[in-house]
Amino acid sequence: MRQKPTVLAREIVATSRLFRVEEVQLRFSNGTERTYERLVGKGSGYGAVMIVALEDAEHALLVEEYCGGTDSYELSLPKGLVEPGEDVLDAANRELKEEAGFGARELEHLTELSLSPGYMSQKIQVVLARDLFAERLPGDEPEPLRVDRVNLRELAALARHPQFSEGRALAALYLARDLLIQRGELVL
């Protein structure tokens with residue numbers, strides 16, 4: 001295992017409502033010094049969840065919502081923040097109810113993913129949700145989200161869809177699909 005660089009200094013250089021930009025001065029084991037900037041989340045720090053909700057043996061739910069980063073409506077998996085004191089699986093079920101109008105009787109933690117580890121500290125927990133039932137909770141979205149679906153056998157086509165661009169969601173769908181294939185529950 002490589003030795004992590006020595007932190008010489010760190011300073012918050014910018015702050016917004018959602019993020020802090022932290023500048024970190026580092027010295028690597030070979031003596032090279034570099035300055036890195038990274039986005040550090042503000043607020044709870046309890047993490048986030050992304051849900052692969054299976055409607056049936058081969059279809060997962062997607063939601064369409066406005067995304068400020070791309071200034072467009074995008075398809076992705078339901079996701080959201082874990083509230084203080086909330087278990088990851090409970091947060092996944094709550095977010096699924098808020099965003100897609102479904103709850104799940106069966107929830108399974110799959111993995112943890114990051115978006116851009118070179119610049120961001122945030123990670124997201126990926127949860128597989130099965131045995132869905134209709135239940136809607138009020139959420140914090142500014143407008144109702146449209147619910148769509150994707151066939152797990154057609155993920156390559158989804159990756160080319162003009163409204164789908166989130167790499168974490170694509171990775172989560174592939175991981176869920178591969179797990180179902182490994183368990184013999186889905187055949188390509």
- Task: Show your working on salt bridge (Lys or Arg N to Asp or Glu O under 4.0 Å) between E185 and R130 and close with a plain yes or no.
- Result: CA-CA 12 Å; E185 298 176 37; R130 304 171 87 169; 2.2 Å; yes

When every non-hydrogen atom of A57 is compared with those of L186, the smallest separation belongs to O-CD1, 3.7 Å

>> What I'd like to find out is whether the side chain of R10 reaches to under 4.5 Å of the side chain of R38, using heavy atoms alone.
In response: yes

Please lay out, stage by stage, how L107 and N93 fare under the test side chain to side chain contact (heavy atoms under 4.5 Å, CB included).
-> CA-CA 8 Å; L107 296 151; N93 214 15; 3.8 Å; yes

| query | Counting only heavy atoms not in R153, do more than 12 sit closer than 6.0 Å to its CZ atom? | reply | yes

* **Lys/Arg-Asp/Glu bridge criterion (N-O < 4.0 Å) met for E86, R94** => yes

To the nearest 0.5 Å, atom CG of L110 lies from atom CG of D178 at 11.0 Å

Taken in chain and number order and not counting sequence neighbours, the residues that satisfy side-chain hydrogen bond (donor to acceptor under 3.5 Å, both in side chains) with S72 are T70, E74

**Asked** Side chains of E64 and Q163: do they bring a donor and an acceptor to under 3.5 Å?
**Response** yes

In this structure, NZ of K79 is separated from CD1 of I124 (nearest 0.5 Å) by 7.0 Å

Just so I know, are the side chains of L155 and Y174 near enough to count as touching, which here means a heavy-atom distance under 4.5 Å? yes

* Asked: Is any side-chain heavy atom of L113 less than 4.5 Å from a side-chain heavy atom of Q125?
  -> no

Less than 4.5 Å apart, side chain to side chain, heavy atoms only: is that true for V7 and L26? yes

Side chain to side chain, V49 and V126, heavy atoms closer than 4.5 Å = no

Next on the checklist: Please determine whether side-chain hydrogen bond (donor to acceptor under 3.5 Å, both in side chains) holds for the pair Q25 and T35, giving the CA-CA distance in whole Å, both sets of side-chain angles, and the decisive distance to 0.1 Å.
Outcome noted: CA-CA 5 Å; Q25 307 281 335; T35 300; 2.8 Å; yes

> Hey, are S76 and E166 close enough side-chain-wise for a donor-acceptor pair under 3.5 Å?
Replying inline: yes

Q) Taking NZ, NE, NH1 and NH2 as the nitrogens, is one of them in R177 or E154 under 4.0 Å from a carboxylate oxygen of the other? A) no

Side chains of L62 and R149: closer than 4.5 Å at any heavy-atom pair?
no

Which is it for F28 and T6 under the side chain to side chain contact (heavy atoms under 4.5 Å, CB included) test, yes or no, and what are the steps along the way?
-> CA-CA 6 Å; F28 289 81; T6 302; over 6 Å; no

*asked:* Could you check whether any side-chain heavy atom of I51 comes within less than 4.5 Å of a side-chain heavy atom of L77, counting everything from C-beta outward?
replied: no

I'd like to know if the side chain of R160 reaches the main chain of A156, judged simply by a donor and an acceptor atom lying under 3.5 Å from each other, with no hydrogens or angles considered.
yes

Handout entry: V52/L54 under side chain to side chain contact (heavy atoms under 4.5 Å, CB included): CA gap, chis, key distance, verdict
Key = CA-CA 6 Å; V52 179; L54 297 181; 4.3 Å; yes

Residues L128 and A176: closest non-hydrogen pair is CD1-CB, 4.1 Å

Measure the shortest side-chain to side-chain distance between V63 and L75 over non-hydrogen atoms and say whether it is less than 4.5 angstrom. no

Correct closest heavy-atom pair for A100 and V147 would be O-CG2, 3.6 Å

Quick note, ring-ring contact (aromatic ring centres under 6.0 Å, His included) partners involving residues 71-123, not counting sequence neighbours, are Y66-Y73

So E22 and L39, side chain to side chain contact (heavy atoms under 4.5 Å, CB included) or not? Walk me through it.
CA-CA 6 Å; E22 181 180 52; L39 288 177; over 6 Å; no

